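This report refers to the structure that appears directly beneath it.
Letters A, B, ... are given to chains in the order of the sequence lines, protein chains preceding strands, and every chain is numbered from 1. These numbers were taken from a predicted model, which means no experiment stands behind them.
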Amino acid sequence: MFVAYPYYYYKILDVIGQLFPVFSLHGYTAHMQHPYDPTTTEAKWQKKWEEEKVYSVDLKKAKKPYYAHVMFPYPSGDKLHVGHWYNFGPADSFARFQRMQGYDVFTPMGFDAFGLPAENYAIKTGIHPDASTKKNVETMIKQLKRIGCMYDWDKMVNTSNPEYYKWTQWLFLQMFKNGLAYKKLGNVNFCPSCQTVLANEQVWEGKCERCETEVIQKPLEQWFWNTKKYAQQLLDGLKDLDWPNKTKIMQENWIGRNEGVNIHSKIKDLGDEFEVFDSVPQTFMAQTFTVIAPEHPLVAKLVKGTKYEKGVMAFVAKIKKLKATEKYKFDEHVEGIFTGRYVDNPFGTGDLPIWVASFVVMDYGTGIVHCSAHDTRDFAFAKKYDIPLRAVMLPEDPKEAEKVKNLEYCYAKAPEGIMQKPDVFKGRRWGEVREDIIKHMGKLGIAKPTVQYRLRDWLLSRQRYWGAPIPIVYDPEGNAHPVPEKHLPWVLPTDVEFKPKGESPLRLSKEFIARTEKIFGKGWRPEFDTMDTFVCSSYYSLMYLGAQNKKGKYTQRDLNEGSLVDPELEKKWMPVSMYIGGPEHACMHLIYARFVMMALKDFGFVSHSEPFKKLVHQGLITNKGAKMSKSKGNVVSPDSFVDQYGADVFRMYLMFMGPFTDGGDWSDTGIKGIVRFVQRIHGVLTEKSKKKFEDSPKVQATLHKTIKKVTEDIQALHFNTAIAALMELLNLIEKEEAVSQETARIIALLLAPMAPHLAEELWSVLGGKKFAIEQSWPTFDPALIKEDTMTVVVQINGKVRGDLIVASDASKESILKAAKELPNVQKYLTGAIKKEIYVPGRLVSLVV
RNA sequence: GCCGGGGUGGCGAAAUGGUAGACGCGAGGGACUUAAAAUCCCUUAUCCCGAAAUGGAUAUGUGGGUUCAAUUCCCACCCCCGGCACCA
C-alpha cells in the first residue's frame, strides 16, 4: 500500500542522520541504489571460509609451496590500528594472488607475546601477564579475522606458551652446547628510583622514560650469544637476498667490516703486551701517542701505586658517569689524562705516552689506539693537551706542505698525499701504498693484517619477569650448568611480585628455587634472568612449520623428536618466500633471525642458512605528519570505518592511497571513492551482466589490457594502480548497455585478491562454482589487446602539434605522409626537414 | 658528519626516455527532489588570444648539461624524511 510521507518525516530522518552518522541516510540510500551490504556479506563469507577450511594447508602434501607471512604482532590490549591493516591487508592480497596463480600458499599468523608492555600492565594493575596476554590474544584473533585474511589458524604460534618457549630454551641449550653462549660482565641501564633495569628504548636523553630520574650504568653478569662469529657470513649472505637495497646497506653498515692491521705493542717497564687495530696503517710512522678506553681493565694496572693513580682513577669514574647520564656528545666531551706510562715503541721513533681518553670505544678493536697527526680527532686531542705530533705525509703544493709540516692543520686520508716516511716509501702516494705498507710492517714483524667488525655480540639477559627463563642452573660454587632437555619447558614460575625491587623478579619465587634444589641438589640456584624477546622471534617461521596435528588439535613438536621442525618440511618450505614487515627491524630482528638460522644449519638441524628469501617493508602511515602513538593520542582506529563500509573497502582504500612501500599521511577524505567503486561494480556486474551477450571489441581489448595490468601490478605490489585499472574498466563497462557474464566473472576474479569478500559474493551470484579464491587467475590474450586503430602524436622540434588516428598495421611511410599533411603540422613545416623519427605506435618527430 | 629515500595540480597520486597529471578525492555547474542526502551528467594545472578550434605560451624543488624528445639520464645546489653516529 502506497503511503505518502509528510515533509517532516524526511526532516526527522535527516536530523537523525546528522546526529548519528552511522545511521546516516547516505549509507541507507546507497544501499537502496546498489544493494550490496558489506557487513552481512563479509560475515557470511568469513564463516564459510572457516567452515570449509579453505585456508588450511597440508604442509606435507602441498606440491607448489609458497610460504608468505608478516612480522607477527605483539598482542596488545589496544585494538588493531591502521598500521596493522596497512601491513596485513596488502600482504594478504599478495598471498591470495599467489594462490590463484597456482601455488600452495601457506600464510600463518602468531603472536610475539612475551615482553615489556604486559609486564608494565601487571605492575600497574596486578593482573598477571599470562592472563592479560591470553585475553588480548583472544580478542586480537577476532579482530584479525575481520580483515578477511587467509591465515591458516591451525598453525598459530604464541611465544609465551610453554610449548613454544620450551623450544626457545632448547635453542639456548644448543647455543651453549656449541660454544656460542657465554657469560660476561655487561652494563645495564638502571633507574634508581623505579628500582628497575631499563631497555635502551626506555632511556630518554639519559633519563628514565617514566620518572625522569637520571639513569645509571650497573655492571651485571649477563649471557651473550656470539653473533660476531657469524659477522662475515651475515655480510656475505646479503648479496643473494631479494631484499630492499636500503635494508641490505643498513645491515652492511651495522656489521661494519673494516680491514686493517693489528700492531703488536708492549708497555714499557710493565712488559704487558697487546694489539692495536689500525685501518689506516700508511701513516704508522706518524704515531706519537697512545690512547686507551676509560673502561679498559689495563688502566688500573698502568697507574697502580704511581702518583698518577688518584687523578686517573677519578677521571675514569667521571667519564663512566658522564657516559651513563648523558646522551654523549663527542665534540663536547673530548677529554683525557696522562697515565705516566709509555708504549715501548716498535717503530724506532720514540716511546708513545699513554693517555686515557674519553673518545676511545672499549668494544671496538682492542680498546687501545695509536694516534697520529693524520687523523682529525687525534690531531685535535693532541693540540688540546700539547702532545707532540709528526707529519709523515705532505700535500704536493710546497706552500701547503710547509703548513702541514708545521702542524697548522690536520692532513688526513688524502689519496694524493706524498709519503715522507718510512724512507723506502718516500715520494709515493698515500692512495697507492696501503698494501705495500702492510707487507712492509709484516716483514718488520710489528703488524699483521686483520679484520674488525662493528657488530657486537647479542646480550640476551633481561632482568625481567615476562620472558622465557634462561635454562641454566648454578651449583653451590656458582658454576653454570645447562638444564637437561628432559626438564624443558623450564617453566616460568607464577609466584612472583611484579613491583620492581631492584633485581630480577624471579629471585622472589620460592617455587623456582625449591624446584631447582629438588632436581639438582641443595644450594643450587636457577638463573633468574629471562631471555630477550628477540630470541623468541628469531626462529618463529620454523615454528609455524613445526605445528603438528595430534588428535585433531595442533601443538608444537615434542622435544624427544630432537628438533623444532621436521627436516623434510624445513627443506620444502624454507626459506620464507615473502616476508612483509616494518623497516624498524632492519638491524635487530632481521639480523638475529639470520644468525639463528645460520647457527641451526651449522648444528645440523636445518638445510638453509637464510630464513627470508624475499623481504618487503610496508610504508609507515602517519597522522598529521607524526607517527601514530598512544602517548601522542593520534592513533586512528579502523573500527568505525570497517563498521560502516566493510573490510574490503577499508583494505582497498589503504591500498589505493599510494604505493605500498611508501606509506603516507592518514586522511579519510578519499574513502568515498572506494565506497562508490564497490557499490558500482557490484551493481553493474549483478544487474547488467547477461549470459548471451557479445562484448564490443573495445570492451574485449580493455578487459585483456586490464588483466595484464592487474597481474603485473599485484606481482609488483603496486595495488594502487591495479585498482585504478579496474576502475577504468568499470567506467567503460558502465557506458555499455550490458556486459557478458563471462567478462563479469573474470572481473570478479580480478577483484579477489584485493576485495576477497566482494569477489566471493559476485562469483557466487554470477553462478561460479566453489570459491573464487579456489579459481585460477585469469590470463590475457595478447591478440585481443591489439586494437584496430592507434593514435600517433606528431611533434615538430619536440613540440606536439597534432595527432593521427591510423590503422594499427599502417606502414611507417604512410604515417609519415599523413603526419605531414595535418593542417596544424603544415603551419610549422616552414623549412626543410632535417630529421624524421618514428616511434612505432607512439609518435612521429620531425626536426626542421 | 656519514649512509639511504624523496620533492609533480587545491589534495592522495600516475607516467622510469616518447601526448605530464591516468585513477580517485575535493571544488564548480547541471539533472532528479517540495527540500536535502544519495545517485547520474558536464567542467576542473596556470596564463594568453579567440566566436570556436585538433590555437598559443608556461609548468614535475633550483640552476646547468646530454637528446629530435627529459618527471625519467648526467653535474652542482636547496629543502624534507628515515637510519647510523667518538668504530681508530
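When heavy atoms are screened at a 4.0 angstrom cut-off, A/Tyr653 is found touching no nucleic acid atom at all. A/Arg454 comes within 4.0 angstrom of a base, heavy atoms only. Contacts of A/Val280 with the nucleic acid, taken as non-hydrogen atoms under 4.0 Å apart, involve only primed sugar atoms and P, OP1 or OP2. Nucleic acid contact for A/Arg456: base, since at least one base atom lies under 4.0 Å from a heavy atom of the residue. Within the 4.0 angstrom heavy-atom criterion, only backbone atoms of the sugar-phosphate kind lie near A/Lys799; the bases stay farther away. Across all strands, A/Val847 comes closer than 4.0 Å only to sugar-phosphate atoms, never to a base (heavy-atom distances). A/Ile249 comes within 4.0 angstrom of the backbone, heavy atoms only, and of no base. If you check every strand for non-hydrogen atoms under 4.0 Å, A/Pro659 touches sugar and phosphate atoms only.
Atom P of nucleotide B/U54 and atom CD of A/Glu821 are separated by 21 Å, given to the nearest angstrom. Atom OH of A/Tyr838 and atom P of B/G17 are 20 Å apart (whole Å). The distance between atom CG of A/Asp803 and atom C1' of B/G18, rounded to the nearest whole Å, is 14 Å. Counting to the nearest Å, the C1' atom of B/U19 and the CD1 atom of A/Ile805 are 13 Å from each other. A/Asp665 has its CG atom 19 Å from the P atom of B/G6, to the nearest Å. At whole-Å resolution of the value, CD1 in A/Ile255 and C1' in B/C84 are 14 Å apart. Here B/U72 presents its C1' atom at 14 Å from CZ of A/Arg842, a figure rounded to the nearest Å. A straight line from OH of A/Tyr86 to C1' of B/G12 spans 11 Å, rounded to a whole angstrom.
Spacing between B/A69 and B/U43 at atom P, rounded to whole Å, works out to 34 Å. Separation of the C1' atoms belonging to B/A22 and B/C73 is 24 Å when rounded to the nearest angstrom. Nucleotides B/A15 and B/U72 have their C1' atoms positioned 9 Å apart, rounded to a whole Å. Taking atom P in both B/C23 and B/A14, one finds a spacing of 14 Å when rounded to whole Å. Spacing of P atoms, B/G4 relative to B/C42, comes out at 49 Å, to the nearest Å. Remark: the separation of the P atoms in B/U58 and B/G7 is 24 Å, to the nearest Å. Rounded to the nearest Å, the gap between the P atom of B/U16 and that of B/G10 is 24 Å. Between B/A45 and B/U54, the two P atoms lie 14 Å apart (nearest whole Å).
Contact annotation: A/Asn245 side-chain N/O to B/G5 OP1/OP2 distance is not under 4.0 Å. At B/G56, one or more side-chain N or O atoms of A/Tyr828 fall inside 4.0 Å of OP1 or OP2 (strictly under the cut-off). Neither OP1 nor OP2 of B/G4 sits under 4.0 Å from any side-chain N or O of A/Lys246.
Scored by the side chain to side chain donor-acceptor pair (under 3.5 Å) test, A/His589 finds A/Tyr579 as partners (sequence neighbours excluded). By the salt bridge (Lys or Arg N to Asp or Glu O under 4.0 Å) test, A/Asp662 pairs with no residue at all, sequence neighbours left out. A/Asn623 is linked by a side-chain contact (heavy atoms from CB on, under 4.5 Å) to A/Met628, A/Asn634, A/Val636, A/Trp666, counting only residues two or more places apart in sequence or in another chain.
In this structure, of B/C68, B/G83, B/U19, it is B/U19 that holds the atom nearest to the side chain of A/Val793. Considering only the side chain of A/Lys827, B/G55 comes nearest among B/C40, B/G55, B/U19.
Ion pairing between A/Glu295 and A/Lys320 fails under the 4.0 Å rule for side-chain N and carboxylate O. Using a cut-off of 4.0 Å between Lys/Arg side-chain N and Asp/Glu carboxylate O, A/Asp457 and A/Lys228 are scored as not salt-bridged.
Across all strands shown, B/U58 forms a Watson-Crick or G-U wobble pair with B/A45, both key distances being under 3.5 Å. With a cut-off of 3.5 Å on both pairing distances, the Watson-Crick or G-U wobble partner of B/G1 is B/C84. The pairing partner recorded for B/G21 is none, the criterion being a Watson-Crick or G-U wobble arrangement whose two distances lie under 3.5 angstrom. The partner of B/A51 is absent, by the rule that a Watson-Crick or G-U pair needs both atom distances under 3.5 Å. Within the shown strands, nothing qualifies as a pairing partner of B/G9 under the Watson-Crick or G-U definition with both distances less than 3.5 Å. In this structure, B/C73 and B/G65 make a Watson-Crick or G-U wobble pair, each of the two defining distances being under 3.5 angstrom.
Few gaps surround NZ on A/Lys383; more than 12 heavy atoms of other groups in view lie less than 6.0 Å from it.
Defined by atom type and a distance below 3.5 Å, a donor-acceptor pair is missing between the side-chain atoms of A/Asn345 and A/Gln287.
Applying the salt bridge (charged side-chain N to carboxylate O under 4.0 Å, His left out) test to pairs two or more places apart or on separate chains, those with a residue in residues 710-726 of chain A are A/Lys708-A/Glu712, A/Lys709-A/Asp713. The stretch residues 823-845 of chain A participates, sequence neighbours left out, in these salt bridge (charged side-chain N to carboxylate O under 4.0 Å, His left out) pairs: A/Lys820-A/Glu836.
The nearest heavy atom of RNA chain B to A/His370 and to A/Met657 marks one nucleotide each, and the one closer to the 5' end goes with A/Met657. Summary of the strand contacts: A/Gly798 and A/Asp375 both lie near RNA chain B, and taking for each the nucleotide with the nearest heavy atom, the more 5' one is attributed to A/Gly798.
Aromatic rings from A/Phe359 and A/Phe381 are positioned such that their centres are separated by under 6.0 Å.
Taking syn as a glycosidic angle within 90° of 0, B/G30 does not qualify and is anti.
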Would you tabulate the nitrogen or oxygen pairs shorter than 3.5 Å linking the protein to nucleotides 20-31 of chain B?
unit_1 : atom_1 : unit_2   : atom_2 : d
B/A22  : O2'    : A/Glu728 : OE1    : 3.3
B/A22  : O2'    : A/Glu728 : OE2    : 3.3
B/G24  : OP1    : A/Asn731 : ND2    : 3.1
B/C25  : OP1    : A/Arg676 : NH1    : 2.5
B/C25  : O2'    : A/Thr669 : O      : 3.0

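Relative orientation of the A/Trp458 and A/Tyr592 rings is parallel, given thresholds of 30° and 60° on the angle between their planes.
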